[in-house]
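Chain naming here is simple, since letters A, B, ... match the order of the sequence lines and numbering starts at 1 in each.
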Amino acid sequence: MNDRVFTDRIRAWGQQIREKNKRGLPWLGERDPYRIWLSETLLQQTRVEQGLPYYHAFLEAFPTVRDLAAAPEDRVLKLWEGLGYYSRARNLLKAAQMVVRDFDGRFPESLEGLRRLPGVGAYTAAAVASFAFGLPHAVLDGNVYRVLARFYDLDLEVPGTAAQKLFAHRANAVLDRLDPAAWNQAIMDFGALVCTPRKPDCAHCPVADHCGALLNGTVLERPVKKAKKPKRLRVLHFLRLDRAGEVLVERRDNTGIWAGLWQFPLWEAPAGEGPQAPRPDDLAGLDPKASAQQALHGLGIDAGHWSYRGSSGPLRHLLSHQDIRAWVHRFEPAPALAAKGGRGRKGALNGVGGEKSAERGKVAGLSETLDRQWIAHAQLRSLAFPRVLTRHLETTDA
DNA sequence: AAGTCGGGGAG
DNA sequence: CTCCCAGACTT
């Protein structure tokens, strides 16, 4: 009953929006599964305005899935730089390679087939299935959760398995099976433009007279979200070692935060060391130079070979689950040692006498377990760094 | 079921 | 500040 009213009116509302051409987004009306998949992956947990420039950049760099599949991972990560959730980028490449290798460059034309691609979850599979292939699968994203929670005044906590099942059921119940693509577009647009999180425009809502939450006065309480945990406080010390136009960088491994990105050698006080994890109070008295030396020691670098050139920080870097205070400590070769030149080619200057940058790691006893290398400043631009470091690089013009 | 994974814009 | 965004994956 209410389902029918909801579907009819939201569908009509969507048609109006399309005619007025609100949100002139490039993937609207798109049928190419590659472009749809690309845009949906870019937009996972990402606002449209934020992802839009990346969409254009990727499409220009990789017009087809074959172009993407042939790309080196570092190039994909570089294009993704700044967008966050970097496993999306690596999964994007993996999925492209799978499509080319296993399906001759054609995307699977079923929900289940799409779902098997890395980085393609319930939402993205439904989006590609409906937008590219017209299949009757309802999308369930943040917008749809909110719209359904309000219209039916559902008080289940999200995220949660119970809620997911119920909302998915509702979403498919109201799906317009005559035009799944237009419907999915309409309900998401409706959530983004009318039934917004903070200030929903109930005065102009086409289903206000049937909205459960509006009738019950619970609009701003829907959907019910779970309580958030406090953020973990971390203090990171990056060591920026410069020598003769080069800087030492290392590649992070493929797990955890900033997976696969590049960074300056990083030292972080072990969490288990000391009374407890760092607290905000502990940071006020933090002496940059002392921290720099501590980091140098922590990374096993002979402090005698490097002279301190100052620190920038703390760079406050807020993530959804971490509160990061980052420092970048700069060092250059100690003058005394530089004068000695070739004494010990494995010394602090590591390769001054013509060793290739390809020889990694050996920085005065620095561990070789990581993928470290000296790189010319001009080449830094080709590597993907975490935002906290690109911001630092921008202000220091390196 | 809970934890992890980024970054930015709006209010 | 807080919230949350065209979520997915791991444990």
Side-chain angles (χ1 to χ4, degrees), chain A residues 23 25-28 30 35-55 77 80-92 94-95 114-131 137-147 157-165 167-168 171 181 184-193 196-200 220-221 223 225-232 234 252 254-261 315-324 326 384-391:
Chain A
R23 309 190 87 185
L25 305 176
W27 46 81
L28 295 184
E30 180 62 63
R35 296 188 174 208
I36 295 167
W37 162 75
L38 173 62
S39 67
E40 298 299 347
T41 305
L42 282 166
L43 293 176
Q44 286 165 11
Q45 287 293 285
T46 304
R47 290 170 301 103
V48 168
E49 313 84 72
Q50 189 183 358
L52 194 49
Y54 289 83
Y55 177 73
L77 281 172
W80 202 278
E81 181 183 58
L83 196 59
Y85 287 147
Y86 296 95
S87 65
R88 285 185 297 171
R90 297 186 304 115
N91 282 335
L92 191 80
K94 283 185 202 163
L114 290 164
R115 185 63 185 71
R116 290 191 195 99
L117 299 174
V120 175
Y123 166 78
T124 305
V128 176
S130 64
F131 294 140
H137 301 293
V139 293
L140 193 52
D141 74 332
N143 289 306
V144 179
Y145 267 107
R146 185 173 57 253
V147 170
E157 277 194 339
V158 295
T161 44
Q164 187 175 354
K165 285 185 67 174
F167 280 81
N184 279 336
Q185 192 58 55
I187 189 171
M188 286 194 289
D189 282 342
F190 178 70
L193 298 174
T196 56
R198 305 272 197 139
K199 293 202 306 182
L220 294 182
E221 303 169 23
K225 311 285 272 193
K226 289 189 173 171
K228 301 191 173 177
K229 299 188 60 177
K231 300 180 179 187
R232 177 161 71 111
R234 301 178 71 182
R252 297 181 62 88
N254 284 341
T255 63
I257 193 171
W258 302 319
L261 270 62
L315 310 170
R316 192 97 185 266
H317 195 67
L318 287 172
L319 306 180
S320 48
H321 58 299
Q322 294 187 21
D323 183 355
I324 293 175
F385 285 82
R387 203 77 181 93
V388 65
L389 289 181
T390 60
R391 275 202 294 267

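Within the nucleic acid shown, A:P159 has no heavy atom closer than 4.0 Å to any nucleic acid atom. At the heavy-atom level, A:G51 lies nowhere under 4.0 Å from the strands shown. In this structure, A:E49 reaches neither bases nor backbone, as no heavy-atom distance under 4.0 Å exists between it and the strands shown. Residue A:K229 is classed as a sugar-phosphate contact, given heavy-atom separations below 4.0 Å to backbone atoms only. At the heavy-atom level, A:L42 lies nowhere under 4.0 Å from the strands shown. Using a 4.0 Å heavy-atom distance criterion, A:W27 is classed as a base contact. Looking at heavy-atom distances under 4.0 Å, A:Q185 makes contact with a base. A:T41 comes within 4.0 angstrom of no nucleic acid atom, judged by non-hydrogen atoms across all strands. Nucleic acid contact class of A:R146 (heavy atoms, under 4.0 Å, all strands): sugar-phosphate only. Using a 4.0 Å heavy-atom criterion, one finds that A:G191 contacts no nucleic acid atom at all. Among the heavy atoms of the strands lying under 4.0 Å from A:R316 are primed sugar atoms or P, OP1, OP2 only; no base atom is included. A:V120 comes within 4.0 angstrom of the backbone, heavy atoms only, and of no base. Residue A:A122 is in sugar-phosphate contact alone, with no base atom involved, counting any heavy-atom pair closer than 4.0 Å across all strands shown. If you check every strand for non-hydrogen atoms under 4.0 Å, A:K226 touches sugar and phosphate atoms only.
With contacts defined as side-chain heavy-atom distances shorter than 4.5 Å, the pair A:L38/A:L92 qualifies. For the pair A:Q44 and A:D141, the minimum side-chain heavy-atom distance is 4.5 Å or more.
A donor-acceptor contact under 3.5 angstrom links the side chains of A:T390 and A:R387, judged on distance only.
To the nearest angstrom, P of B:dG6 lies 16 Å from CZ of A:F385. Rounded to whole Å, the distance from NZ on A:K231 to C1' on B:dG3 is 15 Å. Between the OH atom of A:Y85 and the P atom of C:dC4 there is a distance of 14 Å, given to the nearest Å. Distance CG (A:L83) to P (B:dC5): 17 Å, rounded to an integer number of Å. If you take CD of A:Q50 and P of C:dC5, they are 13 Å apart, rounded to a whole angstrom. With rounding to whole Å, A:L318 atom CG is found 14 Å from C:dC3 atom P. Between A:E81 atom CD and B:dC5 atom P there is a gap of 19 Å when expressed in whole angstrom units. In this structure, A:Y55 atom OH and C:dC5 atom P are separated by 22 Å, rounded to whole Å.
For C:dA8, the OP1/OP2 oxygens have no side-chain nitrogen or oxygen of A:R88 closer than 4.0 Å. Phosphate contact (OP1/OP2 of C:dG7, side-chain N/O of A:Q44, threshold under 4.0 Å): absent. OP1 and OP2 of B:dC5 both lie 4.0 Å or more from every side-chain N or O belonging to A:Q45. One finds a side-chain N or O of A:W258 lying less than 4.0 angstrom from the OP1 or OP2 phosphate oxygen of B:dG7. Phosphate proximity of B:dT4 to A:H321: absent, as no side-chain N or O sits under 4.0 Å from OP1 or OP2. Taking only side-chain nitrogens and oxygens, A:R115 comes nearer than 4.0 Å to OP1 or OP2 of C:dC9.
Between A:R387 and A:A162, the residue anchored closer to the 5' end of DNA chain B is A:A162, taking for each the nucleotide with the nearest heavy atom. Checking A:R198 against A:D141, the closest nucleotide of DNA chain C that is more toward the 5' end is the one next to A:R198. The nearest heavy atom of DNA chain C to A:S320 and to A:N91 marks one nucleotide each, and the one closer to the 5' end goes with A:S320. Nearer the 5' end of DNA chain B, as judged by each residue's closest nucleotide, is the contact made by A:Q322, out of A:Q322 and A:R47.
Between the A:E81 side chain and the A:F385 main chain, a donor and an acceptor come within less than 3.5 Å of each other. Put simply, the side chain of A:T41 never gets that close to the backbone of A:S39: no donor and acceptor are under 3.5 Å apart.
At most 12 heavy atoms of other shown residues, nucleotides or ligands fall within 6.0 angstrom of atom NZ in A:K199. Atom NZ of A:K231 has more than 12 neighbouring heavy atoms from other residues, nucleotides or ligands inside a 6.0 Å radius.
Judged by distance alone with a 3.5 Å cut-off, a donor-acceptor contact links the side chain of A:T46 to the base of B:dG6.
For the C1' atom pair drawn from B:dC5 and C:dC5, the interatomic distance equals 15 Å after rounding to whole Å. Here the separation of C:dA6 from B:dG3, taken at their P atoms, is 25 Å to the nearest Å. B:dG6 and C:dT11 have their P atoms separated by 15 Å, with the value rounded to a whole Å.
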Stepwise side-chain contact (heavy atoms from CB on, under 4.5 Å) check, A:I257 with A:L319
CA-CA 10 Å; A:I257 193 171; A:L319 306 180; 3.2 Å; yes
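For A:Y86, the listed nucleotide lying nearest its side chain is B:dG6; candidates were B:dG8, C:dA8, B:dG6.
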